[in-house]
Student: 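First the structure, then my questions, so here it is.
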Amino acid sequence: MKEKKVIKVYLASPFFTTSQIELVNKIKEVMDLEDEIDLYSPMHHSKVKLSKFPTEEDVNLVFKDNIDNMDKADIVLAVINDPDSGTEF
């Protein structure tokens, strides 16, 4: 039996507003139905959580975590319907 290749997908998207959060949740819900997709969503999977008033150190940790996970991904899926500098990076 041939082993299925799992595609690692990094989901780049803003998640500040209710509609952005709902869209990220919907994308995750659909992607999770696929056995061949291993989705990493910073909103859902980041080990680094920012407070309402993050320090520079906190922001740098999030940046490093995001870069590390993008490097591990086979593809990046970017949601670009709302302008966001982090997603556009």
Side-chain angles (χ1 to χ4, degrees):
M1 182 176 195
K2 188 175 180 182
E3 193 173 317
K4 290 182 181 179
K5 174 162 172 46
V6 174
I7 300 169
K8 294 183 181 223
V9 178
Y10 181 95
L11 176 58
S13 176
F15 48 93
F16 302 106
T17 68
T18 301
S19 62
Q20 291 169 341
I21 292 168
E22 288 172 353
L23 180 58
V24 171
N25 283 331
K26 186 64 176 171
I27 292 169
K28 181 182 182 307
E29 180 183 311
V30 171
M31 296 284 230
D32 284 349
L33 295 174
E34 299 296 328
D35 292 336
E36 296 86 11
I37 295 176
D38 179 15
L39 179 70
Y40 180 86
S41 164
M43 186 177 100
H44 294 99
H45 302 111
S46 180
K47 294 178 178 116
V48 182
K49 302 297 180 194
L50 291 178
S51 66
K52 191 171 184 175
F53 302 103
T55 65
E56 184 176 341
E57 182 180 350
D58 293 337
V59 171
N60 289 334
L61 285 171
V62 168
F63 179 78
K64 182 181 180 330
D65 185 53
N66 287 340
I67 295 297
D68 289 347
N69 282 288
M70 278 188 263
D71 286 344
K72 293 175 190 173
D74 297 308
I75 63 170
V76 173
L77 172 62
V79 178
I80 56 171
N81 61 327
D82 284 334
D84 173 60
S85 60
T87 302
E88 294 166 356
F89 167 79

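Both backbone and side-chain heavy atoms feed into the values below; hydrogens, waters and symmetry mates do not.
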Student: Taking ILVMFWY side chains as joined if any heavy atoms are under 4.5 angstrom apart, and letting links pass through other members, which residues group with Phe53?
Tutor: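 Besides Phe53, the cluster holds no residue at all.
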
Student: Answer yes or no: is there a side-chain heavy-atom contact under 4.5 Å between Leu39 and Leu77?
Tutor: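 Side chain of Leu39 against side chain of Leu77, heavy atoms only: no contact under 4.5 Å found.
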
Student: Could you go through residues 30-38 and list every donor-acceptor pair under 3.5 Å that involves a side-chain atom there, pairing it with any protein atom two or more places apart or in another chain?
Tutor:
{"from": "Asp32", "atom 1": "OD2", "to": "Lys28", "atom 2": "NZ", "distance (Å)": "2.5"}
{"from": "Glu36", "atom 1": "OE2", "to": "Lys4", "atom 2": "NZ", "distance (Å)": "3.3"}

Student: Using modelled atom types only, decide if a donor and an acceptor are shared between the side chain of Asn60 and the backbone of Glu57 within a distance under 3.5 Å.
Tutor: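 No, Asn60 side chain to Glu57 backbone: no donor-acceptor pair under 3.5 Å.
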
Student: With sequence neighbours excluded, tell me which residues meet ring-ring contact (aromatic ring centres under 6.0 Å, His included) with Tyr40.
Tutor: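 Testing Tyr40 for ring-ring contact (aromatic ring centres under 6.0 Å, His included), a comparison that skips the adjacent residues, returns Tyr10, His45.
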
Student: Might you point out which heavy atoms bring Val24 and Pro14 nearest each other, and give the distance in Å?
Tutor: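 Result for this residue pair: CG2-O, 3.9 Å.
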
Student: Quick check: closest heavy atoms across Ser13 and Val79, and the distance to 0.1 Å?
Tutor: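 Looking at all heavy atoms of both residues, the shortest contact is OG-CB, 3.6 Å.
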
Student: Can you pull the ring-ring contact (aromatic ring centres under 6.0 Å, His included) pairs that have at least one residue in residues 16-36, sequence neighbours excluded?
Tutor: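 Counting only pairs at least two positions apart or across chains, no ring-ring contact (aromatic ring centres under 6.0 Å, His included) contact touches residues 16-36.
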
Student: Among pairs that include at least one residue of residues 65-76, which meet salt bridge (charged side-chain N to carboxylate O under 4.0 Å, His left out), considering only residues two or more places apart or in two chains?
Tutor: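 Every salt bridge (charged side-chain N to carboxylate O under 4.0 Å, His left out) pair that includes a residue of residues 65-76, provided the two are not neighbours, is Lys64-Asp68.
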
Student: Given the rule in the side-chain contact (heavy atoms from CB on, under 4.5 Å) test, do Asp58 and Thr55 qualify, once you have shown the distances and angles that lead to the verdict?
Tutor: CA-CA 5 Å; Asp58 293 337; Thr55 65; 3.1 Å; yes

Student: Drop me the distance from Leu11's CG to Leu23's CG, to the nearest 0.5 angstrom.
Tutor: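 These two atoms lie 8.0 Å from each other.
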
Student: Going by salt bridge (charged side-chain N to carboxylate O under 4.0 Å, His left out), name the residues that satisfy it together with Glu56, two or more places apart in sequence or in a different chain.
Tutor: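 For Glu56, no residue satisfies salt bridge (charged side-chain N to carboxylate O under 4.0 Å, His left out) once neighbours in sequence are set aside.
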
Student: What do you reckon, is CD1 of Ile21 surrounded by more than 12 foreign heavy atoms closer than 6.0 Å?
Tutor: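 More than 12 within 6.0 Å, yes.
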
